Amino acid sequence: MNRGLLIVISGPSGVGKGTVIGMLMKNDKNVGYSVSSTTRLPREGEIDGVHYDFITAKQFKSDIENDRMLEYTVYCDNYYGTNADKVERLRAEGKDVILEIETQGAANIKRKCPDAVTVFIAPPTFDDLKKRLSGRGTEPPQVIEKRVRKAREELEKSDMYEYVVINDDAVRAADDLCAIIRAERIKKNNKFIF
Ligand code: 5GP
């Protein structure tokens, strides 16, 4: 069995990464999602173990000390990290694993796993993103302001990614992502042997 791909997806808060990844996973059953751990509180509707493993800072620090994190970062005052075992298990089963992580984490993964495929999901314009973030209504204004600043920093790093997908239409963006994964599978797995 072929080992699965590692697909790293980043994009600023509010760009619609969750929607695009959800559509991709509906269409492509070989894709598995690695649920991250975080110390931030769940938003309304978020389920522990589905959207994130919501853990305490004490637990998170212990996971770091015990080398259980493939990468981790502090983002807007909270820890976020990728569980190394989960990723390895899925890839060994032949599943292509999606990590939805911020730019620093993506750079760390690329250093540790050079075969990772990196994709940045961008909004059509910065103004469009600002509108989406303020309209979401899930965070207080100070948090939104912080996330807008962070979004600008992240957009500046989009050129370190192998692919940029513009999310002006979620269906088309998910389709682009599907095409990238198909092409990467072909590149990695199809070899002609005499
Ligand atoms: P949110 O609080 O909006 O769910 O996530 C904030 C940021 O943390 C997003 O950019 C998201 O991609 C990133 N993130 C989520 N999980 C991880 C992770 O495991 N590692 C890293 N480095 N970033 C993560």
Side-chain angles (χ1 to χ4, degrees), residues 6-22 24-25 32-57 59-64 66-91 97-113 116-123 126 129-130 132-158 160-161 163-165 167 173 177:
L6 182 59
I7 303 142
V8 177
I9 301 183
S10 303
S13 186
V15 80
K17 295 175 297 249
T19 309
V20 173
I21 293 170
L24 164 78
M25 291 185 70
Y33 184 78
S34 166
V35 177
S36 292
S37 297
T38 184
T39 58
R40 91 153 157 71
L41 294 173
R43 295 193 189 112
E44 214 180 299
E46 283 185 332
I47 302 162
D48 189 29
V50 174
H51 297 92
Y52 283 106
D53 289 332
F54 294 99
I55 63 175
T56 61
Q59 175 69 52
F60 203 105
K61 284 176 191 160
S62 140
D63 285 350
I64 297 169
N66 293 305
D67 231 8
R68 291 203 194 101
M69 294 294 182
L70 184 58
E71 64 74 39
Y72 71 93
T73 196
V74 176
Y75 182 97
C76 294
D77 308 324
N78 283 299
Y79 281 103
Y80 293 82
T82 305
N83 182 289
D85 273 358
K86 270 189 209 166
V87 171
E88 192 39 52
R89 226 176 305 130
L90 286 165
R91 290 188 79 185
V97 182
I98 300 261
L99 302 182
E100 196 250 273
I101 63 180
E102 49 66 65
T103 47
Q104 189 56 54
N108 291 339
I109 291 276
K110 195 67 191 171
R111 257 193 302 276
K112 272 195 173 172
C113 316
V117 179
T118 56
V119 182
F120 190 90
I121 302 190
F126 188 59
L129 183 71
K130 276 207 283 198
R132 282 200 228 176
L133 274 174
S134 344
R136 191 155 77 168
T138 48
E139 272 102 1
Q142 314 90 284
V143 176
I144 292 173
E145 230 171 81
K146 217 173 194 178
R147 282 182 178 250
V148 168
R149 266 203 307 276
K150 190 85 186 164
R152 183 179 281 282
E153 278 171 36
E154 290 190 301
L155 285 163
E156 280 165 5
K157 295 191 186 128
S158 62
M160 77 179 208
Y161 288 75
Y163 298 94
V164 175
V165 168
N167 186 16
L177 198 50

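Residue numbers start at 1 and run along the sequence shown. As the structure is a prediction and not an experimental result, all values here were calculated from the model. All ligand and atom numbering here is 1-based and tracks the order in the structure.
- Note that CG of D48 and CD1 of I55 are 9.5 Å apart. Values are rounded to the nearest 0.5 Å.
- Remark: among candidates I101, I9, V35, the nearest residue to atom 21 (C) of ligand 1 is I101, based on non-hydrogen atoms.
- Under 4.0 angstrom from ligand 1, the non-hydrogen atoms of R43 all belong to its side chain.
- Y75 is listed as a side-chain neighbour of R147, based on a closest heavy-atom distance under 4.5 Å.
- Residue contact annotation: Q104 has no non-hydrogen atom under 4.0 Å from ligand 1.
- Of the N or O atoms in E100, one or more lie within a sub-3.5 Å distance of an N or O in ligand 1.
- For Y75, every heavy-atom contact with ligand 1 shorter than 4.0 Å involves the side chain, none the backbone.
- Aromatic ring pairs are classed by plane angle as parallel below 30°, tilted from 30° to 60° and perpendicular above 60°; the pair F60 and Y72 is perpendicular.
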Give the table of side-chain donor-acceptor pairs shorter than 3.5 Å for residues 148-157, with sequence neighbours excluded, one pair per line with atom names and distance.
none

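- Residues D53 and Q59 fail the side-chain proximity criterion, which asks for heavy atoms closer than 4.5 Å.
- For ligand 1, the atoms sitting less than 4.0 Å from at least one non-hydrogen atom of R40 are 1 (P), 2 (O), 4 (O), numbered in the order shown with element in parentheses.
- Assignment of R147 to the shell around ligand 1 is supported, since a heavy atom sits closer than 4.0 Å.
- Side chains of T38 and F54 form a contact here, defined as non-hydrogen atoms less than 4.5 Å apart.
- A heavy-atom separation below 4.0 Å is found between Y52 and ligand 1.
- In terms of polar-atom proximity, E71 is counted as a contact of ligand 1, with an N or O under 3.5 Å from an N or O of the ligand.
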Under 3.5 Å, sequence neighbours excluded: what are the donor-acceptor pairs made by side chains of residues 98-106?
residue: E102; atom: OE1; partner: Q104; partner atom: N; Å: 3.0
residue: E102; atom: OE2; partner: G105; partner atom: N; Å: 2.7

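- Against a heavy-atom cut-off of under 4.0 Å, G105 is close to the following atoms of ligand 1: 22 (N).
- Residues L6 and R91 are in side-chain contact: their nearest non-hydrogen atoms beyond the backbone lie under 4.5 Å apart.
- Distances between N or O atoms of Y80 and those of ligand 1 include at least one value under 3.5 Å.
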